[in-house]
Amino acid sequence: MNITKKVVDDVNIVLSLDIEKADYAEAVEKQIKETRKKVQMPGFRKGMVPASLVKRMYGTQIVIDEVNKLINDSMYKYIADNKLNVLGEPMVAQDQKPVDFANEENFTVSFDIAIAPEFSLTVDKSVKVPYYNIKVNDEMIDNQVKAYQTQYGEYVNAETASQDDVIKGDIAELDADGNIKEGGILYEGTTVYPRYMKSDDEKAKFEGAKKFSSVDFNPAAAYDNNVNELASLLGKKKEKVEGLTSNFRFTINEINHHEPAQLNEEFFKKVFGDECTTEEQFRKTVATQIALQYKSSSDYKFSVDTRKTLIEQVGELKFPEASLKKWLLSKDEKRDAKKLDEDFPKMMEDLTWQLIEEKIVAANDIKISDDDIKAEATGHVQAQMAQYGLTDIPEEYVKQYAEDMVKDEKQRGQLRDSAITRKIMNFVGNAITLEQKEVTFEEFQKLLA
């Protein structure tokens with residue numbers, strides 16, 4: 001087989017494969033023998049159908065299959081051997097004539113191939129990107145301490161209700177005169193959470209209410225006619241409470257008031273372990289925790305700014321627009337050509353960044369190992385747990401969750417992409433000049449806007 005390359009322009013080539021019968025004949029004969037072993041036909045035992053008959057019945061399709069394999073293997077070997085950076089996939093050339101496999105033995109097939117544009121890239125100390133460090137102040141620490149006190153607090157019985165309490169009791173529907181309605185809705189042992197009410201007026205009715213007293217309120221107004229909330233409160237199916245506008249009397253049987261945890265050694269150890277025993281240590285640990293959380297935000301902003309800086313350095317690349325659009329439309333028949341035209345500039349920006357990443361990886365021999373993927377999974381698990389304030393999860397549980405993520409094929413691919421991006425950013429961060437800047441959280445938020 002002979003393969004020739006025709007250069008159309010800097011980003012488009014045509015590969016032509018001249019195929020002769022000798023290139024595929026042996027593979028076809030072998031496949032005919034394999035097919036003969038499996039064919040069942042009346043009048044013949046399995047595997048005993050004459051080869052000539054098998055060839056007459058299945059020969060053309062076998063030739064097509066084997067030629068397609070030959071084309072695919074040969075073309076991708078040529079691409080790999082010649083280090084062609086192909087975008088998308090090879091497409092059958094527009095001027096390719098159909099091949100008559102039943103009558104032609106020698107033929108030429110051609111493919112249009114989109115090639116990534118060449119560009120130069122500088123990643124050294126001459127490149128400057130800002131890195132924003134977010135200040136951790138006393139207010140942030142105070143708020144996080146209060147959040148931990150709430151999380152580790154407990155409910156205690158109270159005599160007087162507040163809007164933040166959990167209030168249990170019995171509820172009864174009222175008539176227009178404010179009396180308990182005969183045949184109306186009655187439900188014993190329900191629970192009211194004033195803090196979740198949408199109406200401030202209805203919520204305020206529970207403020208200062210005493211145990212064993214009654215509160216008249218309007219559930220529909222309190223919960224903004226949310227049938228799920230009303231059904232739960234009144235112990236009825238959703239269809240039974242739709243359109244309900246009645247007032248109800250809630251008789252309080254129990255008030256559970258949430259008491260935040262006290263700032264003492266027991267609390268400090270419960271949150272951060274035995275090494276944290278004083279309020280000073282506790283606040284320092286909280287400050288460190290906040291700083292780590294903000295670092296991920298700073299790293300994200302750095303990655304955005306780095307991407308913008310390097311894309312601007314590379315400039316607008318010439319892409320094989322027509323070939324790429326043709327390929328994208330062929331991959332998804334439902335894709336709208338007009339919408340593709342609208343999205344194409346952003347897609348090319350993303351592709352530019354992908355090519356920049358590939359160049360950095362290749363130039364600096366950056367590799368990803370299984371250990372890197374496992375570390376990425378562990379980091380994801382720990383970050384997710386931290387969002388819910390779970391900082392003391394046993395190591396074996398974190399390890400198990402991470403292993404489960406790695407086993408999932410889709411998640412493993414995402415973890416690998418995340419790990420390679422992290423390695424690229426680590427490399428770039430060490431190679432270029434970081435202009436350190438300290439900002440408040442409010443200033444940082446404006447930078448992200």
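Scope of the values below: all heavy atoms of this structure, side chains included, with no hydrogens, waters or symmetry mates.
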| task | Could I get the full list of side chain to side chain donor-acceptor pair (under 3.5 Å) partners for H380, not counting sequence neighbours? | result | none

| message | Show every salt bridge (Lys or Arg N to Asp or Glu O under 4.0 Å) that has at least one partner inside residues 181-190, sequence neighbours left out. | response | E173-K181

| field | Electrostatic pair D343-K339, nearest N-O below 4.0 angstrom | value | yes

| query | Who passes salt bridge (charged side-chain N to carboxylate O under 4.0 Å, His left out) against K146, sequence neighbours left out? | reply | none

| request: Dump the intermediate steps for side-chain hydrogen bond (donor to acceptor under 3.5 Å, both in side chains) on N247 and N218, then the final yes or no. | output: CA-CA 4 Å; N247 287 332; N218 189 293; 3.1 Å; yes

| task | Sorted by first residue and then second, give each salt bridge (Lys or Arg N to Asp or Glu O under 4.0 Å) pair with at least one member in residues 431-448; sequence neighbours left out. | result | none

| task | Tell me whether the centres of the aromatic rings in Y223 and Y196 are closer together than 6.0 Å. | result | no

| query | Which salt bridge (Lys or Arg N to Asp or Glu O under 4.0 Å) pairs, counting each pair once, include a residue from residues 116-141, with sequence neighbours left out? | reply | none

| field | Pairing residues for F206 by the ring pair (Phe, Tyr, Trp, His ring centres under 6.0 Å) criterion, not counting sequence neighbours | value | F217

Could you pull out every donor-acceptor pair under 3.5 Å between side chains of residues 224-244 and any protein atom, sequence neighbours left out?
unit_1, atom_1, unit_2, atom_2, d
N226, OD1, N228, N, 2.9
N226, OD1, E229, N, 3.1

| message | Can you list everything that forms a salt bridge (charged side-chain N to carboxylate O under 4.0 Å, His left out) with K37? Sequence neighbours excluded, please. | response | E34

| said: With a 6.0 Å cut-off on the ring centroids, do F272 and F267 count as close? | reply: no

| request: Using salt bridge (charged side-chain N to carboxylate O under 4.0 Å, His left out) as the criterion, list what pairs up with E358, not counting sequence neighbours. | output: none

| Any salt bridge between E275 and K269, counting N to O under 4.0 Å? | no

| query | Do the ring planes of H258 and Y155 sit parallel (below 30°), tilted (30 to 60°) or perpendicular (above 60°)? | reply | perpendicular

| query | Can R416 and D370 be counted as an ion pair, charged N to O under 4.0 angstrom? | reply | no

Could you go through residues 417-432 and list every donor-acceptor pair under 3.5 Å that involves a side-chain atom there, pairing it with any protein atom two or more places apart or in another chain?
unit_1, atom_1, unit_2, atom_2, d
S418, OG, E376, OE2, 2.6
T421, OG1, D417, O, 2.9
R422, NE, E376, OE1, 3.0
R422, NE, E376, OE2, 3.3
R422, NH2, E376, OE2, 2.9
K423, NZ, K367, O, 2.9
K423, NZ, D372, OD2, 3.0
N426, ND2, R422, O, 3.3
N430, ND2, N426, O, 3.0

| Listed once per pair and sorted, the salt bridge (Lys or Arg N to Asp or Glu O under 4.0 Å) pairs that draw on residues 281-304, sequence neighbours left out | D142-R283, E280-K284, K295-D299, K301-D305

| salt bridge (charged side-chain N to carboxylate O under 4.0 Å, His left out) partners of E279, counting only residues at least two apart | none

| Under-4.0 Å salt bridge between E396 and K399 | no

